[in-house]
Amino acid sequence: MGLSQATQSVWEPVRVSNPDGSSPFIILCDHASNHIPAPYGRLGLEAGDLQKHIAWDPGALGVSQVMSALLDAPLVESCVSRLIIDCNRPLEAHDLIPATSELTSVPDNVDLDEAEKRRRIALSHQPYHQAIEQLAKARATKGFPAPVYVAVHSFTPVYRGVERPWHIGIIHDEYDQVAAPLIAGLQALDQFCVGINEPYSPADRVYYTLERHASAHGLAAVMIEIRNDLITNTKEEKTWAGILSVLLKEIAQGPLSIMGKAANIR
């Protein structure tokens, strides 16, 4: 499984890897880490809570890292737990800093004042999105094609007592130039139950990062959700990353206008 940023000797709120990768794809991992910066302790939670899905997307970083290598694609990862602040939520969202995550109360997130909210935005949310914007601008300046964003997440097999049958979900809005062939490719393998805008959809407010950096600029994007009991170790992460990378390479080599148009990055 991909390592939490808490295991690293030098902590930073966001990390960009392989910024000059040759691929048009940019991999995003909004919930890569379960790291809680030292001043926050454990937010009033038990240590075991920080290993759960409420704190991060287990396995998502490992898959993202392998995809970055296989595709030669840049990777941007948030290095802060979503319990501090969720980088995949708009600033006005009620669960930007969750007081309750799924069924777990987060004591130190209750009744935060505006000053603390601003501190957390400055700590993690703002630098994460600035890093994505700066990467896109730098690549446009260097003559790379318009970015195609791929956000990698994981989801729990059971949510609020309801079992989820999907092995993988492909989430998209009206810009489905990548999502549609990716869904078709996964279905053609005839091995997986593929969720189409399941277990989440943009209507569930889980598409903020891609709305901000892709849809707002008319760029293609796709959000990938892998069930987290299928990516519990390095071998499983590599398997899923390999499947997805093969399909994405085929899409990139196909007759898609998204791969050649000029970037519209402001």
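Residue numbers start at 1 and run along the sequence shown.
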Common cluster, [X]/[Y], ILVMFWY with side-chain heavy-atom separation under 4.5 Å:
{"X": "L103", "Y": "L43", "value": "no"}
{"X": "Y208", "Y": "L28", "value": "no"}
{"X": "V222", "Y": "I243", "value": "yes"}
{"X": "Y175", "Y": "I27", "value": "no"}
{"X": "M67", "Y": "V246", "value": "no"}

Give a yes-or-no answer on whether the side chains of [X] and [Y] include a donor-acceptor pair shorter than 3.5 Å.
{"X": "D86", "Y": "H125", "answer": "no"}
{"X": "N88", "Y": "R212", "answer": "no"}
{"X": "T232", "Y": "E236", "answer": "yes"}
{"X": "H167", "Y": "R227", "answer": "no"}
{"X": "N18", "Y": "D72", "answer": "yes"}

Student check: side-chain heavy atoms of [X] and [Y] closer than 4.5 Å:
{"X": "I196", "Y": "Q187", "result": "yes"}
{"X": "Y207", "Y": "S215", "result": "yes"}
{"X": "P90", "Y": "L96", "result": "no"}
{"X": "V178", "Y": "L248", "result": "yes"}
{"X": "Y149", "Y": "I132", "result": "yes"}
{"X": "P199", "Y": "Y159", "result": "no"}
{"X": "P13", "Y": "Y128", "result": "no"}
{"X": "L112", "Y": "R120", "result": "yes"}

What is the minimum heavy-atom distance between [X] and [Y], and which atoms define it?
{"X": "P19", "Y": "P74", "answer": "O-CG, 3.7 Å"}
{"X": "V206", "Y": "R89", "answer": "CA-NH1, 3.9 Å"}
{"X": "A60", "Y": "I231", "answer": "N-CD1, 4.2 Å"}
{"X": "L50", "Y": "N34", "answer": "O-ND2, 2.9 Å"}
{"X": "I36", "Y": "S81", "answer": "CD1-CB, 3.5 Å"}
{"X": "A32", "Y": "E77", "answer": "CB-CB, 3.9 Å"}

Assess whether side chain to side chain contact (heavy atoms under 4.5 Å, CB included) is satisfied between I121 and L91, documenting all intermediate values. CA-CA 8 Å; I121 291 168; L91 295 180; 3.9 Å; yes
In terms of side-chain geometry, is the basic nitrogen of D49 or R42 positioned less than 4.0 Å from the acidic oxygen of its partner?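 No, D49 and R42 are not salt-bridged.
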Salt-bridge contact K137-E133 (side-chain N to carboxylate O under 4.0 Å):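 No, this pair does not count.
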Does the pair R139 and D20 meet the rule for a salt bridge (charged side-chain N to carboxylate O under 4.0 Å, His left out), with working shown? CA-CA 7 Å; R139 286 174 64 83; D20 293 324; 5.2 Å; no
Between [atom1] of [X] and [atom2] of [Y], what distance do you get to the nearest 0.5 Å?
{"X": "R118", "Y": "L123", "atom1": "CZ", "atom2": "CG", "answer": "14.5 Å"}
{"X": "R164", "Y": "Y200", "atom1": "CZ", "atom2": "OH", "answer": "4.0 Å"}
{"X": "L71", "Y": "I26", "atom1": "CG", "atom2": "CD1", "answer": "12.0 Å"}
{"X": "E211", "Y": "D173", "atom1": "CD", "atom2": "CG", "answer": "7.0 Å"}
{"X": "F155", "Y": "I226", "atom1": "CZ", "atom2": "CD1", "answer": "9.0 Å"}
{"X": "Y40", "Y": "L45", "atom1": "OH", "atom2": "CG", "answer": "14.5 Å"}

Test D95 against R205 for salt bridge (charged side-chain N to carboxylate O under 4.0 Å, His left out), laying out the working first. CA-CA 10 Å; D95 55 352; R205 304 171 300 101; 3.1 Å; yes
Main-chain N/O of [Y] paired with [X] side-chain donor or acceptor, under 3.5 Å:
{"X": "R82", "Y": "W56", "answer": "yes"}
{"X": "D30", "Y": "T209", "answer": "no"}
{"X": "H153", "Y": "I224", "answer": "no"}
{"X": "K249", "Y": "L70", "answer": "yes"}
{"X": "S154", "Y": "P58", "answer": "yes"}
{"X": "D204", "Y": "S201", "answer": "yes"}
{"X": "W166", "Y": "F192", "answer": "no"}

Run the numbers on M223 and E225 for side chain to side chain contact (heavy atoms under 4.5 Å, CB included), then give the verdict. CA-CA 7 Å; M223 181 173 173; E225 289 269 4; 3.2 Å; yes
Would you mind telling me which of K52, R160, H53 makes a side chain to side chain donor-acceptor pair (under 3.5 Å) with E102?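 With E102 as partner, side chain to side chain donor-acceptor pair (under 3.5 Å) holds for just one option, H53.
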Going by side-chain contact (heavy atoms from CB on, under 4.5 Å), name the residues that satisfy it together with S124, two or more places apart in sequence or in a different chain.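 Once residues adjacent in sequence are excluded, the partners of S124 under the side-chain contact (heavy atoms from CB on, under 4.5 Å) criterion are S78, V80, I85, C87.
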Using the side chain to side chain contact (heavy atoms under 4.5 Å, CB included) rule, take V14 and V76 through it: C-alpha gap first, then chi angles, then the decisive distance, then the call. CA-CA 7 Å; V14 58; V76 185; 3.8 Å; yes
Decide yes or no on side chain to side chain contact (heavy atoms under 4.5 Å, CB included) for L247 and L186, but give the supporting numbers first. CA-CA 8 Å; L247 293 173; L186 287 165; 3.8 Å; yes
Is atom CD of E163 surrounded by more than 12 heavy atoms (other residues, nucleotides or ligands) closer than 6.0 Å?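 No, CD of E163 has 12 or fewer neighbouring heavy atoms, counting only those of other groups under 6.0 Å.
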